[in-house]
Structure formats: C-alpha cells, structure tokens
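Written below as structure tokens is the structure these notes are about.
Note that ligands are numbered from 1 as they come in the structure, with each ligand's atoms numbered from 1 the same way.
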Amino acid sequence: MVEWTKHDLLDLSDLSKEEIGIILETAKSFKEVSQRDVKKVPALRGKTVVMLFFEPSTRTRISFELAAKRLSADTINISLSGSSVLKGESVLDTAKNIEAMNVDVIVVRHSSSGVPKVLADGLQASVINAGDGCHAHPTQALLDMFTIKEKLGGIEGLKVGIIGDILHSRVARSNIWGLTKLGAEVTVCGPSTLMPIDIEKTGVKITFDLMKIIKTSDVLILLRLQQERQQDKFLPSIREYAKMFGVNKEKLQYAKKNVLIMHPGPTNRGVELSADVADGEYSVILEQVTNGVAIRMAILYLLLGTKGMEEDR
Ligand code: CP
C-alpha cells in the first residue's frame, strides 16, 4: 500500500499511478460531505488556505475556497488587483510575506508557466498549482478523471479524444499525463497550427479529422479556444474554427451510444461546442464542476497531513 508523502501539487507528471489512485479514492469519500445538509467536517480546523490568483477564474477559485471551508479551514482570497505585485513586488516576495503570516497552503494561478514551482522551491507552505500558463492544471485533470471513472467505471482501455486548442491548453497537458498513466488511449485533434510539435512523444495519437475522433471515442474532452492567447493569428477566423472543429448535435449523432462530453469551462457556446451539446444528454460539464470540490477537498486533506485526522472525517 503506497503512502501519501507529497508536500505540493504542481503537476500530475510528479505523481505515480498509485498516488493518483489515492486522490481519486479520497475524493470519493469527500463527495458525500457536499451532499449533506451541514456541508462541513472538522478535518482542517485551524489550518489556513490562501488563494493567490493572478488570472481570472470562476470554477477553480470558488471550488478551492468551498473545499477548504467544508474542511473547516480558514480561507483568504488575493487577486492581482489586490496584491503588491502591481507595485513591483515579485510573486515570490508576495508569497513569502503571505507565508510569514503562518499560512499552511498557497493555491496559485498565474499566466506564466513555472510560477507554482518557483513558489514551492522558495516556501515552507504547501503549494498547489491552480493553472500556470500553458503548462499544467492538475486539479482539472484529476476532476476529469474522477468524473470519467464515476460515469464509466474505470479509465484503463478507454479511448479519450481531446479536441481543440491543444497548443495553449494546460488542461490538455495535465489530462494527457494523467489519463495515459491510468491506461487510457488518448488522441488529440485540432487545427495543425494549434498542435504542439512532438506531442506524440507524450504517448498520444494525433488526428486532424474531427469525425474520426467523434466516431471512435468513449470520452470527448472539448477545449476552450483561448482567444486571449491567439495574438499570433493561429486561425483564419473563429467561424472557420467552429465549422471545422466545433462539435454540434449533427456531428454527435455519429458518436458512440454513451459517449461523455466534457469541457473544463468556461465554454464558448457556438465555437468549440453548440448550446444543444453543452446542455445535451451526453454532457457531464456541470458534474465535472461538482466533482471539482471533492477532488480539491481530497488534495487539501492529503497535503496537510492526514495522520491522526481520520476520526474527523
Ligand atoms: N476550468 C477552469 O480552470 O475554470 P476557471 O478558469 O473558471 O477556474
């Protein structure tokens, strides 16, 4: 039996298959807490969790905050507009000053890849990566894997298609690490200009044929077209992209019978997916959001040390 020993969560590439399994199992027991009338357990009473977000977020920030509160931790939210980074202070100095107030976990989101690693190397507090640049978004991938396992019973042997802006997607990168480690066959699909060079080296297949991936996949993860990262004109137009790679009901009629439609959010309806697919019978997009709280509860609980706390759950 593998024991949890990690102090930070920076990406899934740092975790073994067994460690991913521990997170998914722990989340299963925490999911029930959010379904109770009183959605709270005392497991992290007296601990402090700081959300340090330098990029916009709805799901991840609120989900971490709810997760921490449901474990009875104290929480603080800091955004770019409220931090001294705007006055020239480095992110590490800002984080060291926050740590000096005896906080236990810093959850960080930043537009530059590598910021969570810099903080983890420079701080005693645990650091959780809530999304860094185009690099990684480990908690999104974990909640995606949790949702797939819950819906389809397992991950090994499944065919998972990831469609869209692979080049800029930290969600795609973390999912590729996690899903291939758990034995899924992952295929990526998108415009050639939005496909990273050497992506095959991560163990995935590539196709530029949307209908092929729709017909053969058990799970389709649709990615947001990251318009804020399209300064270099990777596409002729958004309309062209939607026509070539957008998933709508008409295209989806060729999918497997119980295909799962997933999306990390925020969705661009009419671009990467149509409204009737987002709200349709195969969509588990809101269930992903629900499961995000359980996954983040599990991660906070594991990182802050579980020894002697079992009776508190
Ligand atoms: N999936 C995700 O990271 O969403 P937010 O940007 O709203 O946190």
Audit row: Thr147, Glu287, side chain to side chain donor-acceptor pair (under 3.5 Å) steps and yes/no: CA-CA 7 Å; Thr147 306; Glu287 287 171 74; over 6 Å; no

Which residue and atom name correspond to the protein heavy atom nearest [atom], and how close is it?
atom: atom 6 (O) of ligand 1; value: Arg109 NH1, 2.9 Å
atom: atom 1 (N) of ligand 1; value: Pro264 O, 2.8 Å
atom: atom 4 (O) of ligand 1; value: Arg59 NE, 3.1 Å
atom: atom 2 (C) of ligand 1; value: Thr60 OG1, 3.5 Å

When you measure from the centre of the six-membered ring of Phe53, is the NZ or CZ of Arg109 closer than 6.0 Å and no more than 45° off the axis?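 Not flagged: Arg109 not positioned over aromatic ring of Phe53.
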
Glu240/Lys243 ion pair, N-O < 4.0 Å: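 Here Glu240 does not pair with Lys243 in a salt bridge, since their nearest N and O are not under 4.0 Å apart.
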
Residues Arg173, Asp132: salt bridge by 4.0 Å N-O rule: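 Looking at Arg173 and Asp132, the cut-off is not met.
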
Judging by distance only, is a nitrogen or oxygen of Pro266 under 3.5 angstrom from one on ligand 1?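 No, there is no polar N/O contact under 3.5 Å.
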
Can an N or O of Arg61 be found at a distance shorter than 3.5 Å from an N or O of ligand 1?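 There is no such contact.
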
Donor-acceptor side-chain pairing of Ser274 and Lys249 below 3.5 angstrom: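 No, no side-chain donor-acceptor contact under 3.5 Å.
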
Flag for Thr207-Asp209: side-chain donor and acceptor within less than 3.5 Å: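 No, Thr207 and Asp209 have no side-chain donor paired with an acceptor closer than 3.5 Å.
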
Per-atom contacts, ligand 1 versus [X] - under 4.0 Å to a heavy atom:
X: His137; value: 2 (C), 3 (O)
X: Gly265; value: 1 (N), 2 (C), 4 (O)
X: Thr58; value: 5 (P), 7 (O), 8 (O)

Hey, which of Lys257, Lys256, Lys159 is the one that makes salt bridge (Lys or Arg N to Asp or Glu O under 4.0 Å) with Asp218?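 Going through Lys257, Lys256, Lys159 one by one, the salt bridge (Lys or Arg N to Asp or Glu O under 4.0 Å) with Asp218 is satisfied by Lys256 alone.
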
